[in-house]
Amino acid sequence: MGEETGEESKANIGRAIEAISSLISLSHSIKSFNVKWQLMRTKLEELYSGLAALENLDSGFDPSLSSLISAVIASLRDCYDLATRCVNVSYSGKLLMQSDLDLMAGKFDRHTRNLSRIYSAGILSYGFAIVVSKPGANACIEDMRFYIRDLLTRMKIGDLEMKKQALVKLNEAMEEDDRYVKAVIEISDMVNTLVGFLDSEMGIQEESAKAVFFISGFASYRSVLIRSGVIGPLVRVLENGHDVGREASARCLKILTENSENAWSVSAHGGVSALLKICSCSGFSGELVATSCGVLRNLVGVEEIKRYMIEEDDTMTTFVKLIGSKEESVQVNSIDLLLSMCCKDEQTLEILVRQGGIQELVSVLSDPNSLSSSKSKETALRAIDNLCFGSAGCLNALMSCKFLEHLLYLLRNGEISVQESALKVTSRLCSLQEDVKRIMGEAGFMPELVKFLDAKSFDVREMASVSLYCLISVPRNRKKFAQDDFNISYILKLLDHEDGSNVGSDSGNTKFLISILMSLTSCNSARRKIVTSGYLKSIEKLAETEGSDARKLVKKLSMNRFRSILSGIWHA
């Protein structure tokens, strides 16, 4: 018999593909041995994908390939015979049929592996890399599974270029439709294959890292990744991969380490050292550094890991330097990391102060033309609020670097979100000792707080009112406050319910304003301005509806007014 021609081989491939399709359709009508035939269909679909690629082959056939196709066709005839007997229930015994089905599945598995070896030998060209078209937008889940199995086959049997193309197509499909992610999870060995590719060549590693990251975005599928042993390979990508793969790996680890049990696994595989190295080197992208900080922030939730990090040389120095980054994501994530490390930990907080961390936080706020974004400023203010008011060392460091000057600037000129964050910190400062309040009064905080008394947000009005009340509790500040006629008249105007322009402004805020006025009555000049302002009748009207505080205010103002009248008569 002469050597088979290329055209004859292609014809045989077509017959094999047609026979597989027919056999798969027939298998769906089989009522017995469901598990066995489900496995058989999976083997047939893998083989189908490998053979379908050959139809576009544009090079000569190797004899080993021709021999393989012949063997496949023979196995398909035998399998069709088994399927027919199962449909007609014409087999002699269940145990014997189960054994025959297992042997047949093993044959198809060997055919697929042999085809993979032929691909790997480089005999076949790249022209047929992706053959099966992605189903349309309205495709059923079964069509999607078939497409994913086809891609899996190419990942298993293809050369490097085919594997990469299959991974690219897989990522495109998952990004376009979440149902493909479900198909990936349901197909046996798909996730294991992706995890195994994390230790592969650069292009394949990067695409598989993207795929694993995409899957990790679904909470219900994360356990599948963990059971597939994904943590170790992801850490190795961090250590030895290229930028794209490293970034995808870090993003995936950030999601997975939200579970503290996975944090231990990252540490056990050397992930802490790999992440610290990324954060300390200047050659990596800002996005990678920021995400690495995010992973470490999750890891420091485990006390033992945090202690290990702190004991490492220059760890705190590294993170303090990152606060000064020009990239928002690096600033925000490094500040959040330091906050997680130092909050409620006096020892670590002392290290932060010694390393100049407080000064760096203030530097984020410092310059009107600073490159720091509003989000960076808000994050720095939140860190200052949480770290600096329970420690004398932190507070001293804070006050020694012109923090009040920068805070006041943000109250006056910051965006709304930054102003609110600055107001919250101001409120904390106003609850401190009297010398801090006196300095704030001299610095000009009181007029700025007055402006927030009419804010739309009740929380903002409350913070401003309480802060102002604390500041004017200092006699020196009361006198300074009373010197500006606008301050008192503005408060009185807000209390005037009969002024239609202020309807809604005073809602829920009256008690705070009355408390401020009550405190101001201790200052003679302020008291006189209140009495002579023309708003006294409004205050008296409030006393009828607003409770005891308003009545106390009226009583105190009336008594002092009566004394003034008597004093005037006496000296007349």
Check ion pair [X]-[Y] (N to O, under 4.0 angstrom):
| X | Y | value |
| --- | --- | --- |
| Glu378 | Lys375 | no |
| Glu303 | Lys306 | yes |
| Asp81 | Arg77 | no |
| Lys182 | Glu186 | yes |
| Arg113 | Asp109 | yes |
| Lys163 | Glu201 | no |

Which heavy atom in [X] sits nearest to a heavy atom in [Y], and how many Å separate them?
| X | Y | answer |
| --- | --- | --- |
| Glu206 | Gly245 | CG-N, 3.6 Å |
| Ala105 | Leu39 | CB-CD2, 4.5 Å |
| Ser75 | Lys107 | OG-CD, 3.9 Å |
| Ala137 | Asp177 | O-OD2, 4.5 Å |
| Ala183 | Arg145 | CB-CG, 4.1 Å |
| Cys342 | Leu349 | CB-CD1, 4.0 Å |

What do you reckon, is [atom1] of [X] surrounded by more than 12 foreign heavy atoms closer than 6.0 Å?
| X | atom1 | value |
| --- | --- | --- |
| Glu172 | CD | yes |
| Glu258 | CD | yes |
| Tyr80 | OH | no |
| Leu103 | CG | yes |
| Glu346 | CD | no |
| Glu261 | CD | no |

Side-chain donor/acceptor of [X] to backbone N/O of [Y], under 3.5 Å:
| X | Y | result |
| --- | --- | --- |
| Thr112 | Phe108 | yes |
| Asn171 | Glu207 | yes |
| Arg297 | Lys254 | no |
| Asn333 | Ser329 | yes |
| Arg149 | Thr42 | no |
| Ser421 | Ser417 | yes |
| Ser216 | Phe213 | yes |
| Ser208 | Gln205 | yes |
| Ser267 | Ala263 | no |

_Tell me which one of Thr317, Thr318, Thr315 satisfies side chain to side chain donor-acceptor pair (under 3.5 Å) with Gln355._
Thr317

_Out of the candidates Val364, Val332, Thr379, Val330, only one should pair with Ile323 under the side-chain contact (heavy atoms from CB on, under 4.5 Å) rule; please name it._
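When side-chain contact (heavy atoms from CB on, under 4.5 Å) is applied between Ile323 and each of Val364, Val332, Thr379, Val330, only Val364 qualifies.
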
What is the distance from atom [atom1] of [X] to atom [atom2] of [Y], rounded to the nearest 0.5 Å?
| X | Y | atom1 | atom2 | result |
| --- | --- | --- | --- | --- |
| His28 | Gln38 | NE2 | CD | 10.0 Å |
| Leu339 | Ile335 | CG | CD1 | 9.5 Å |
| Leu26 | Thr84 | CG | OG1 | 5.5 Å |
| Leu352 | Cys388 | CG | SG | 8.0 Å |
| Ser292 | Leu275 | OG | CG | 5.0 Å |
| Glu18 | Ile13 | CD | CD1 | 14.0 Å |

Donor-acceptor pairs under 3.5 angstrom involving side-chain atoms of residues 193-200: please list them, not counting sequence neighbours.
| residue | atom | partner | partner atom | Å |
| --- | --- | --- | --- | --- |
| Thr193 | OG1 | Asp189 | O | 2.7 |
| Asp199 | OD1 | Arg236 | NE | 2.9 |
| Asp199 | OD2 | Arg236 | NH2 | 2.9 |

Is the closest side-chain donor-acceptor distance between [X] and [Y] under 3.5 Å?
| X | Y | answer |
| --- | --- | --- |
| Gln331 | Ser325 | no |
| Thr291 | Arg251 | no |
| Thr257 | Asn262 | no |
| Ser376 | Glu328 | no |

Measuring only between side-chain heavy atoms, which start at C-beta, is [X] closer than 4.5 Å to [Y]?
| X | Y | value |
| --- | --- | --- |
| Ile24 | Ile20 | yes |
| Arg154 | Leu170 | no |
| Arg85 | Met97 | yes |
| Tyr180 | Pro135 | yes |
| Arg382 | Asp385 | no |
| Leu296 | Phe319 | yes |
| Val244 | Lys210 | yes |
| Met309 | Val272 | yes |

*asked:* Are Tyr91 and Phe33 an aromatic pair, judged by ring center distance below 6.0 Å?
replied: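 Yes - the distance between ring centres of Phe33 and Tyr91 falls below the 6.0 Å cut-off.
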
*asked:* Before you tell me yes or no, could you show the steps for Asp336 and Cys293 under side-chain contact (heavy atoms from CB on, under 4.5 Å), namely the whole-Å CA-CA distance, both residues' side-chain angles and the distance that decides it to 0.1 Å?
replied: CA-CA 8 Å; Asp336 279 342; Cys293 285; over 6 Å; no

*Walk me through it: do Leu256 and Leu234 pass the test side-chain contact (heavy atoms from CB on, under 4.5 Å)?*
CA-CA 11 Å; Leu256 296 178; Leu234 286 174; 4.1 Å; yes

Side chains of residues 277-286: which donor-acceptor pairs under 3.5 Å do they make with residues two or more places apart or in other chains?
| residue | atom | partner | partner atom | Å |
| --- | --- | --- | --- | --- |
| Ser280 | OG | Leu276 | O | 3.1 |
| Ser280 | OG | Lys277 | O | 3.0 |
| Ser285 | OG | Glu247 | OE2 | 2.7 |
| Ser285 | OG | Leu288 | N | 3.2 |

*Go through Lys134 and Asp143 one step at a time and tell me if the salt bridge (Lys or Arg N to Asp or Glu O under 4.0 Å) criterion holds.*
CA-CA 9 Å; Lys134 185 170 74 66; Asp143 288 341; over 6 Å; no

